[in-house]
Amino acid sequence: MNSSRDPVDALLRAVTDAATEMAGGEGLRPALDPSPRPEMGDYSTNAAMMLAGPLGRPPREIAAELASAIETGLGDSISKTEIAGPGFINLFLSDAWYRSAVASMAVSGTAEVSPVPEPEKILVEFVSANPTGPLTAASGRHAAYGDSLSRLLRRTGNEITTEYYVNDGGTQVDNFAASIAARMKGEEPPEDGYRGTYVNELAERAQREGLDPDDTGNLAAIGVSWMVEGIRASLVNFGVEMDDFFSERSLYEDNLVDRGIERLRTAGHVFEEDGAVWLRTTDFGDDKDRVLIRSSGEVTYFGADVAYHVDKIERGSERLIDVLGADHHGYVARMAAAIQSLEGDKAEFEAQIMQLIHLVEGGQRTKMSKRAGDIVTLDELSGDIGVDAARWFLLQRSHDRSIDLDLDLARSESSENPVYYVQYAHARIKSILRKAEAESGDRAGDMLTAATDPSEKALISKLLEFPAEVHEAAAKRAPHRICAYASDVAAAFHAFYRDCLVVGAEGDGVEAARIELCGVAAETISSSLALLGISAPDRM
RNA sequence: GCCCCCGUAGCUCAGCUGGAUAGAGCGCCGGCCUUCUAAGCCGGAUGUCGCAGGUUCGAAUCCUGCCGGGGGUGCCA
């Protein structure tokens, strides 16, 4: 998983080799984790406990043997090992190991994350909010998540396409057009229409451009295109560049609906009943069969969406990730069934369900209904607290859990926002590096033998976790882990800053070594923030 | 009824493919700027990890049941 240049990976390999040797060729995967406390060394492994069962010997006895094998294997890198607790082996690494670890990060770049063993072509569909109103703060959570997830998957070597499915057909769009038409005529929108002020603005624009309020088909098409324009602009402002906006209507125009349904039919799970065309999704775990084409001849939303997904596969995607709202979770089983039912080209289908976000304002949850027009838009949220802070707030919690975002708090405490904590660390480092450059004195000495301070070591080991963190965040579809990681790096840096002078540091090669470390730290923070779509300012 | 998410410090939440003394931020109390950015650092207080069983050397983490909160469950989109 990690490149051979990854210093932690080299340690793990030494441990694994020693354990494999003892086990007699078994494919063991022992864990090597940073020790929870300094007195427990730098890294700990549970390898001996994993061998206890197979070998039928006490773990601590195995640990003693294993530890000396590991020491031999690692040579100068290790200063000592200890057996602790039920059979953990704690590794205490030498200063030289730390220095060469930094050097290796500086050379390969912490930014270097090795690709996953089997990279995939993945299509990530997210937001896909109805184009009948501006994006809400809730859509912002989808946008931040989908975008950051895409960046993570791309960073781990996959080929990613991002897409927004535009529902520009169907009854909601009809309601939308009717609402604009009503405003143009100075009337109230229909019962189930849209009442936001943006509808009035669209109506005014339609008046100016001389659109006919009675030609609702045209009004719908143009109104939606204006809305999509606005949505695209909101997303770009929010740092999200979609590769494509895929129009639902184009499915019909390009005959993809018929083609998609034909593919399902070929696979043999389509049947007719009560004048409607159904897909037997119950063959694949759904709890009831689903209608593709109503008895009226109209294609259902599901029917069109299946055709869209078939098209995604035909365009070469090997994995489809749909980021969906909690209100769509009931939809997952049928889409998964539809994709499973296909013959020939298939893809893995995966739905990531976003839980709700409640915006709390004045101690009360705001109602978020697009039709009532009572919404906090993404633009308003970004404007209030800034794009960086908004993205951080929306990403820092696991996506599958509902969150309360207190707007008053986000506004009033914006200067204490955790994102500034991380950005500040970056700016501080850049400031040091500027000073180092300005005062380029004699920094001779052997960096690899320069002694290390405890908080310096702590920073280095935190930086070394970057590739593993990125892989884990990507594999678990969990960008929020990167928020936590970035905060940890910032905290480790702030502590290092307190304890260790960089420019002007005493000792043979110490100054040069610390400058190199600062460079790696800055790059790690900016790489982490980049995965979140958040800027890393040089000055604050 | 069935399905999904959640229940961890005063608050908001990490941790959940089992590991050592359960963490962070905010809030609270007390310290630290003649050195590279005090948007920072250091110290202090705070927990029946919803409840009850089970699995095992070991459970916040896995299994079962229950309680509580939220969401979903259309020939809607």
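Every chain is numbered from 1, with letters handed out A, B, ... down the list of sequences. Scope of the values below: all heavy atoms of this structure, side chains included, with no hydrogens, waters or symmetry mates. The shown structure was predicted, so the numbers you read here are calculated from the model rather than taken from an experiment.
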Which part of the nucleic acid does [X] contact within heavy-atom distance under 4.0 Å: base, sugar-phosphate only, or nothing?
| X | result |
| --- | --- |
| A/N90 | base |
| A/T171 | sugar-phosphate |
| A/Y301 | base |
| A/D305 | nothing |
| A/L501 | base |
| A/D538 | base |
| A/H480 | sugar-phosphate |
| A/F302 | nothing |

More 5' along RNA chain B: A/A491 or A/R334, using each one's nearest nucleotide?
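Mapping each residue to its closest nucleotide by heavy atoms, the 5'-most match is A/A491.
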Judged by nearest nucleotide, the residue sitting upstream toward the 5' end of RNA chain B, A/Q396 or A/V503, is A/Q396
Find every protein N or O atom lying less than 3.5 Å from an N or O atom of nucleotides 9-12 of chain B, and list the pairs.
from, atom 1, to, atom 2, distance (Å)
B/U12, O2, A/R397, NH2, 3.3

Between [N] and [M], how many Å separate the two [atom1] atoms, rounded to a whole number?
| N | M | atom1 | answer |
| --- | --- | --- | --- |
| B/C29 | B/U34 | C1' | 29 Å |
| B/U61 | B/A14 | C1' | 13 Å |
| B/G31 | B/A38 | C1' | 14 Å |

Protein-nucleic acid N or O pairs under 3.5 Å, nucleotides 30-33 of chain B:
none

B/S/- along nucleotides 58-63 of chain B (protein heavy atoms under 4.0 Å) is ------
[X] side chain, from C-beta outward: closest of [options]:
| X | options | result |
| --- | --- | --- |
| A/D400 | B/U37, B/C6, B/A20 | B/C6 |
| A/R498 | B/U37, B/G71, B/C41 | B/C41 |
| A/Y421 | B/C41, B/C3, B/G70 | B/C41 |
| A/K288 | B/C75, B/C41, B/A77 | B/C75 |

Dot-bracket for RNA chain B, 5' to 3', Watson-Crick and G-U pairs with both distances under 3.5 Å, [ ] for crossing pairs, | for partner on another strand, reads (((((((..((((.....[...)))).(((((.......))))).....(((((..]....))))))))))))....
task: Sequence neighbours left out, what passes salt bridge (Lys or Arg N to Asp or Glu O under 4.0 Å) with A/R265? Give chain and number order.
output: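 Per chain and number, A/R265 pairs via salt bridge (Lys or Arg N to Asp or Glu O under 4.0 Å) with A/E262.
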Sorted by chain and number, sequence neighbours left out, salt bridge (Lys or Arg N to Asp or Glu O under 4.0 Å) with A/R319 holds for A/E120, A/E350
Distance-only donor-acceptor pairs under 3.5 Å for side chains of residues 293-302 of chain A, two or more places apart:
from, atom 1, to, atom 2, distance (Å)
A/R294, NH1, A/E298, OE1, 3.3
A/S296, OG, A/E298, N, 3.4
A/T300, OG1, A/V291, O, 2.9
A/T300, OG1, A/L292, O, 3.1
A/T300, OG1, A/F302, N, 3.4
A/T300, OG1, A/G303, N, 2.9

Checklist entry - Can you tell me if the side-chain N/O atoms of A/Y420 get under 4.0 Å from OP1 or OP2 in B/A39? => result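 Looking at the OP1 and OP2 atoms of B/A39, neither is under 4.0 Å from any side-chain N or O of A/Y420.
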Between A/Y165 and B/A77, does any side-chain N or O lie under 4.0 Å from OP1 or OP2?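 Answer is no, no contact under 4.0 Å.
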Sequence neighbours excluded, the answer for side chain to side chain contact (heavy atoms under 4.5 Å, CB included) partners of A/D499 is A/D453, A/S455
Tell me every residue that passes side chain to side chain contact (heavy atoms under 4.5 Å, CB included) with A/A84, counting only those two or more places apart in sequence or in another chain.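 With sequence neighbours excluded, A/A84 shows a side chain to side chain contact (heavy atoms under 4.5 Å, CB included) to A/N90, given in chain and number order.
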Note: contacts of residues 289-299 of chain A with RNA chain B (heavy atom, under 4.0 Å) are A/V291, A/R294, A/S295
Find every protein N or O atom lying less than 3.5 Å from an N or O atom of nucleotides 16-19 of chain B, and list the pairs.
from, atom 1, to, atom 2, distance (Å)
B/C16, OP2, A/R481, NH2, 3.1

inquiry  = Using the ring centroid of each side chain, check whether A/Y145 and A/F126 are separated by less than 6.0 Å.
reply    =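 No.
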Query raised in the report: Looking at A/F496 versus A/F493, is the centre-to-centre ring distance below 6.0 Å?
Result: yes
Worksheet item: Any side-chain heavy atom of A/Y194 sitting closer than 4.5 Å to one from A/T132?
Response: yes
Side-chain atoms of residues 324-332 of chain A: list all donor-acceptor pairs with protein atoms under 3.5 Å, sequence neighbours left out, distances to 0.1 Å.
from, atom 1, to, atom 2, distance (Å)
A/Y331, OH, A/D305, OD2, 2.9

The side chain to side chain donor-acceptor pair (under 3.5 Å) partner of A/H399 among A/R477, A/H480, A/Q352, A/Q355 is A/Q352
Can you check the A/L279 CG to B/G74 C1' distance for me, whole Å?
->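 In whole Å, B/G74 C1' lies 17 Å from A/L279 CG.
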Discussion item. Distance check needed: B/U35 C1' versus A/R514 CZ, whole Å only.
Written reply: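 That distance rounds to 13 Å.
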**Q.** Syn/anti label of B/C33 as read from its glycosidic torsion, with the cut at 90° from 0
**A.**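 Syn.
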Would you say the base of B/C5 and the side-chain of A/H329 have a donor-acceptor pair closer than 3.5 Å?
no
* For the base of B/A20, is there a side-chain donor-acceptor partner from A/S44 under 3.5 Å away? -> yes
Item to complete: Could you go through the side-chain hydrogen bond (donor to acceptor under 3.5 Å, both in side chains) check for A/D388 and A/Q423 one step at a time?
Response: CA-CA 10 Å; A/D388 284 344; A/Q423 290 181 319; 3.0 Å; yes
Check: A/S398/A/D400 side-chain N/O donor and acceptor closer than 3.5 Å: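 Looking only at side-chain atoms, A/D400 and A/S398 do form a donor-acceptor pair, the distance falling under 3.5 Å.
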A cation-pi test, strictly: NZ or CZ of A/R280 under 6.0 Å from the centre of the six-membered ring of A/F271 and no more than 45 degrees from its axis. Yes or no?
yes
